[in-house]
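Reviewing the structure listed below.
Quick note: numbers below take in every heavy atom, side chains included, and nothing from hydrogens, waters or symmetry partners. Keep in mind that what you see is a predicted model, and the values were worked out from it rather than measured. We number each residue from 1, following the sequence as shown.
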Amino acid sequence: MERIDLYEIKVSPELTVFKACGGNQQSEHETCATLREVPGVLGGLWVMGDTKRPGAELRFSTAELAAAGIDPARFDTAV
């Protein structure tokens, strides 16, 4: 099986971004994780970020996301 370098795939900035927040401050100072699903990638591609560090991201296949215990259903607020 050929391995795909997820960081070589171009991700459109127009994709919907969902966020999950920690719930500790409930204000503009809240830190939130962000998650975007990139359609059309074999094995899935998910891009995770942080609202306090724009531009920093981690990329996961669908299997890696599940293995890390990250549930996309918890990211329910579109940015």
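Here L15 pairs with V11, S12, R36, V38, P39 under the side chain to side chain contact (heavy atoms under 4.5 Å, CB included) rule; sequence neighbours left out. Applying the side chain to side chain contact (heavy atoms under 4.5 Å, CB included) criterion to E64, with sequence neighbours excluded, gives L6, F60, S61.
No side-chain heavy atom of T31 sits less than 4.5 Å from a side-chain heavy atom of C21. Contact annotation: the side chain of R74 never approaches that of F18 to less than 4.5 Å [non-hydrogen atoms, C-beta and beyond].
When all heavy atoms are compared, the tightest approach of E57 to Y7 is O-OH, 4.0 Å.
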For this session: Just do the side chain to side chain contact (heavy atoms under 4.5 Å, CB included) check on L45 and E37 with the steps written out, would you?
Result: CA-CA 6 Å; L45 172 54; E37 182 178 13; over 6 Å; no

*Evaluate the side chain to side chain contact (heavy atoms under 4.5 Å, CB included) criterion for residues L35 and V17: first the C-alpha distance (whole Å), next the side-chain angles of each, then the deciding distance (0.1 Å), finally the verdict.*
CA-CA 6 Å; L35 190 65; V17 179; over 6 Å; no

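Here NZ of K19 is found 10.0 Å from OG1 of T34. Values are rounded to the nearest 0.5 Å. L58 CG to I70 CD1: the interatomic distance, rounded to the nearest 0.5 Å, is 8.0 Å. Atom-to-atom distance recorded for L42:CG and I4:CD1 is 5.0 Å, nearest 0.5 angstrom.
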